[in-house]
S.K.: 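Once you've had a glance at the structure underneath, I'll fire off some questions.
Every chain is numbered from 1 and lettered A, B, ... according to where its sequence line falls, protein lines coming before strand lines.
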Amino acid sequence: MAEAETKDPEETRDFIRDIVRADLAEGRCDSVVTRFPPEPNGYLHIGHAKSICLNFGVAAEFAGRCHLRFDDTNPAKEEHEYIDSIQEDVRWLGFDWGRHIYFASDNFETLYGWACHLIRNGHAYVDDLSAEDTRKFRGTLTEPGKNSPFRDRPADENLDLFARMRAGEFPDGARTLRAKIDMASGNINLRDPVLYRILRAAHPRTGDSWCIYPTYDYAHGQSDAIEGVTHSLCTLEFADHRPLYDWLIDNLPTPSRPRQYEFSRLNLTHTVLSKRRLTLLVKEGHVAGWDDPRMPTLAGLRRRGVPPAAIRDFTRRIGLTKSDNTVEVAALEHCIREHLNRTAARRLAVLRPLKITIENYLEGQSEELEALNNPANPDAGTRQIPFSRELYIDRADFMEEPPKKFFRMSPGREVRLRYAYFVTCREAVKNEAGEVIELRCTYDPLTRGGNAADGRKVKGTIHWVSAAHALTAEVRIYDHLFARPDPGAEGDFLDGINPQALGVLQDCRLEPALGEAPAGEAIQFEREGYFCLDPDSKPGHAVFNRTIALRDSWAKTKGGK
RNA sequence: UGGGGCGUAGCCAAGUGGUAAGGCAGCGGGUUUUGAUCCCGCGAUCCCAGGUUCGAUCCCUGGCGCCCCAGCCA
């Protein structure tokens, strides 16, 4: 039922799928092999979801396969925690790499041998230039670089030096292995790019068995070739690297010839999607962690209660092109509401309780009323909700002096309590400070279930909960992490953090059926939004996260006035 | 004054020599025991200027604008 998702190659069309389709049709490859290649130096976010859905999606649609490969070539930044979280997040998103999990580090020995191959053919050399001098020799965007004085060392000397780099004879940064291409190229990536650097750092997988590590440019394409990847899909900023990608494949005895294609990365309003910035938010404590529900990380979205199917649908709807784009969060929010509306069970919960007393309802009496679990889905069945003399309604549903078009409770007005009775507010009781602390009401016994025997109508329907039967809970309300749509467009992006992004309501009252809510399951609190139980919950202290509010056109009219 | 990429509605995005899909947002209206959902309706001198053509968003030429690249990060 939730399978509105397509497996038909004709359904989703974009320039990448067109290329794959043509390659298959014209025999340039027998089957398609893609890969999702994260570096384990942070948590996955919704931008990665776009790439994951593309790579695994294309593989599934064309009956190929998609590998999960970790580009673990920089032990200075990588951690095992990330290797684990990435796998968990990809699985949660709904994808399965089967036995095809790989690590660039598995290829270190092969890569080393191929580097020697490059040296022997005069395609690479050991350079003694410091990092600073390397930069100086590289030239600028408009001026060509200069050849390193070490550029023309004989192959034997290079081979010897390279072996000694590996053996640990030189300090970090003392030498590099560079491809010998063209220091005058307009493409800076071709100005003798570094292939290996000396770096003494414990690697999450190879430990301290290496002190030289291949760079991305050297490891990535070769890993693709070793795995038999046919279509290496990456984001636009790597387009400049493609000539180098191809040059390496051309000059190495790789078992296959992968092709790289680039698409534009996702940008979303009201949040940040750069690993650097997300890491900063976590490390500096601006959020509670990578899985903070305000974060655009998959872990954060999961904890927030966003269904993975909504994310998949979102990535499909935004399309795939090479144009820079910033998608409005509203588009994501739409997908979330759409999926939740179909699946979430409905419950009544009062977030800001205001007590009301039904004066003509007998003290000590109570009854059970039947309520639909999901009006959109009859199969979801019904449940019983207790009703009694003392109830809670939301403070926002009462106004002593209501403006025009306010359909909720106010003195003298009759409204419907959902699934219960019509009630009329007779009096607002105030404290010394003049604040309304209780409403005295009467009910019409002939409206049980919410329909009047005489057919009279009522403008508003509000939710409620029986005071004596209610559960109390904490509810966390989330808003956009950044108030501006474009954080950091001017000044430090951290200054744009929305202080209102997290709001905590401590004294919420829930209908009893909510006592059985399993963690993570989406529930609609009627007239409020979609919520799910947070793992912070303890016995006797439930904590709910608001995944997303229901659309609220009343707030719009009210605010627009 | 180098190299690469991109310019179709507020935001995504199809299309392609014959006169502009769809989604999101917005705005109106209808249904409604969630002011939700659902349903209906409304928006484009296709970056600009020349040229080719019976006809150009699409082809050609020249502009303009935006993004990326000078890590021993990925």
Side-chain angles (χ1 to χ4, degrees), chain A residues 13-14 37-39 41 71 73-74 76-78 127 129-131 134-136 138-145 172-178 184-191 193-199 212-213 215-217 219-220 234-243 262 264 266 269 275-276 314 317-335 337-338 341-342 346 348 371-372 375-376 405-408 416-420 422 447 449-451 457-463 485 524-529 549-558:
Chain A
R13 290 205 82 115
D14 54 60
E39 182 192 13
N41 69 344
D71 268 352
T73 56
N74 185 4
K77 293 185 177 175
E78 296 154 8
D127 196 350
L129 248 31
S130 66
T134 303
R135 176 164 39 80
K136 285 180 183 157
R138 187 152 34 227
T140 70
L141 293 179
T142 52
E143 301 157 34
D172 287 10
R175 286 183 226 258
T176 56
L177 182 75
R178 294 231 256 165
S185 173
N187 182 344
I188 289 179
N189 294 297
L190 262 21
R191 319 243 262 230
V194 170
L195 268 23
Y196 271 93
R197 72 279 211 186
I198 303 173
L199 177 61
I212 58 172
Y213 291 95
T215 54
Y216 162 84
D217 283 309
H220 191 91
C234 63
T235 43
L236 243 33
E237 64 269 27
F238 293 100
D240 286 345
H241 295 241
R242 183 162 17 96
E262 311 86 18
S264 56
L266 168 70
T269 58
K275 245 190 222 180
R276 198 204 115 244
F314 171 71
R317 288 197 199 209
I318 57 176
L320 187 77
T321 66
K322 298 178 79 145
S323 1
D324 292 329
N325 62 87
T326 302
V327 176
E328 294 177 341
V329 261
L332 206 214
E333 293 170 344
H334 170 83
C335 293
R337 287 195 185 96
E338 186 179 88
N341 177 49
R342 293 206 306 258
R346 270 61 169 172
L348 302 186
L372 264 22
K405 296 272 192 74
F406 182 84
F407 303 145
R408 285 111 95 147
R416 172 165 42 231
L417 295 182
R418 174 142 241 228
Y419 295 126
F422 284 12
T447 57
N451 286 306
K457 302 289 184 197
V458 96
K459 266 294 204 183
T461 299
I462 65 176
H463 60 285
Q524 184 191 106
F525 290 178
E526 292 210 27
R527 301 211 310 131
E528 289 287 353
L550 253 27
R551 289 183 63 186
D552 186 356
S553 57
W554 165 243
K556 220 173 281 176
T557 3
K558 193 178 50 173

S.K.: Can you tell me which nucleotide in B/G71, B/G26, B/C68 comes closest to the side chain of A/R138?
M.R.: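 Ranking B/G71, B/G26, B/C68 by closest atom to the A/R138 side chain puts B/G71 first.
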
S.K.: Expressed in whole Å, how much space separates the C1' atoms belonging to B/U19 and B/G30?
M.R.: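 Here B/U19 and B/G30 have their C1' atoms 35 Å from each other.
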
S.K.: If B/G26 has a Watson-Crick or G-U wobble mate with both distances under 3.5 Å, name it; if not, just say none.
M.R.: B/C42

S.K.: Expressed as a whole number of Å, how far does the P atom of B/C46 sit from that of B/G28?
M.R.: 29 Å

S.K.: Counting side-chain heavy atoms from CB outward, which of B/G35, B/G7, B/U34 is closest to A/S553?
M.R.: B/G35

S.K.: In the structure shown, which nucleotide is the Watson-Crick or G-U wobble counterpart of B/A13, with both distances under 3.5 Å?
M.R.: none

S.K.: In terms of side-chain heavy atoms of A/L141, which of B/U37, B/U34, B/G2 is nearest?
M.R.: B/G2

S.K.: Report the base-pairing partner of B/G65 (Watson-Crick or G-U wobble, both distances below 3.5 angstrom), or none.
M.R.: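 B/G65 is paired, partner B/C6.
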
S.K.: Within the structure shown, what part of the strands sits under 4.0 Å from A/P375 by heavy-atom distance: base, sugar-phosphate, or nothing?
M.R.: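 The answer is base, as A/P375 lies within the cut-off (heavy atoms under 4.0 Å) of a base atom.
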
S.K.: Does any donor-acceptor pair link the side chain of A/R551 with the base of B/U37 at a separation under 3.5 Å?
M.R.: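 Side chain to base: no pair present.
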
S.K.: According to the Watson-Crick and G-U wobble definitions, with both distances under 3.5 Å, which nucleotide is paired to B/U52?
M.R.: none

S.K.: Fit a plane to each ring of A/Y216 and A/F238, take the angle between them on a 0 to 90° scale, and name the class: parallel (under 30°), tilted (30 to 60°) or perpendicular (over 60°).
M.R.: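 Because their plane-to-plane angle lies in the 30° to 60° range, the rings of A/Y216 and A/F238 count as tilted.
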
S.K.: Can A/W554 be classed as stacking with the base of B/G35, given a centroid separation cut-off of 5.5 Å and a plane angle cut-off of 30°?
M.R.: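 Here the ring of A/W554 and the base of B/G35 are stacked, with centres under 5.5 Å and planes under 30°.
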
S.K.: What nucleotide, of B/A74, B/C67, B/G4, holds the atom closest to the side chain of A/E39?
M.R.: B/A74

S.K.: Where the side chain of A/I318 is concerned, which of B/C12, B/A74, B/G35 is the nearest nucleotide?
M.R.: B/C12

S.K.: Just call it for A/L177: base, sugar-phosphate, or nothing, with non-hydrogen atoms closer than 4.0 Å on any strand.
M.R.: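 It contacts nothing in the nucleic acid.
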
S.K.: Which of these nucleotides, B/U34, B/A36, B/A74, is closest to any side-chain atom of A/T461?
M.R.: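 Minimum distance to the A/T461 side chain belongs to B/U34.
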
S.K.: Mind checking if A/R178 touches a base, just sugar-phosphate, or nothing, with heavy atoms under 4.0 Å?
M.R.: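 Since no nucleic acid heavy atom lies under 4.0 Å of A/R178, the category is nothing.
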
S.K.: Which nucleotide in the list B/C12, B/A74, B/C6 gets nearest to the side chain of A/N325?
M.R.: B/C12

S.K.: Under a 3.5 Å limit for both distances, which nucleotide forms a Watson-Crick or G-U wobble pair with B/C73, could you say?
M.R.: none

S.K.: Would you list the protein and nucleotides 21-23 of chain B atom pairs, both N or O, that sit under 3.5 Å from each other?
M.R.:
{"unit_1": "B/G23", "atom_1": "O2'", "unit_2": "A/R317", "atom_2": "NH1", "d": "3.1"}

S.K.: The side chain of A/A239 is closest to which nucleotide in this list: B/G35, B/G4, B/U37?
M.R.: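 It is B/G4.
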
S.K.: For B/G22, does the O4'-C1'-N9-C4 (purine) or O4'-C1'-N1-C2 (pyrimidine) torsion place it in syn, i.e. within 90° of 0, or in anti?
M.R.: anti

S.K.: Please work out if A/S185 contacts a base, only the sugar-phosphate, or nothing of the nucleic acid, heavy-atom cut-off 4.0 Å.
M.R.: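 Nothing, no nucleic acid heavy atom in range.
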
S.K.: Looking only at the side chain of A/A330 (C-beta and beyond, no hydrogens), which of the listed nucleotides B/C67, B/C24, B/C72 gets closest?
M.R.: B/C24

S.K.: Paired with B/A21 by Watson-Crick or G-U wobble geometry, both distances under 3.5 Å: which nucleotide is it?
M.R.: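 Per the H-bond distance test, none.
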
S.K.: Searching all strands shown, indicate the nucleotide that pairs with B/U1 (Watson-Crick or G-U wobble; both distances under 3.5 Å).
M.R.: none

S.K.: Using atom P in both nucleotides, what's the gap between B/C24 and B/C39 to the nearest angstrom?
M.R.: 10 Å

S.K.: Could you state the CD-P distance from A/Q524 to B/A36, rounded to the nearest angstrom?
M.R.: 12 Å

S.K.: For the side chain of A/V327, starting at C-beta, report the closest nucleotide among B/U34, B/C73, B/C12.
M.R.: B/C12

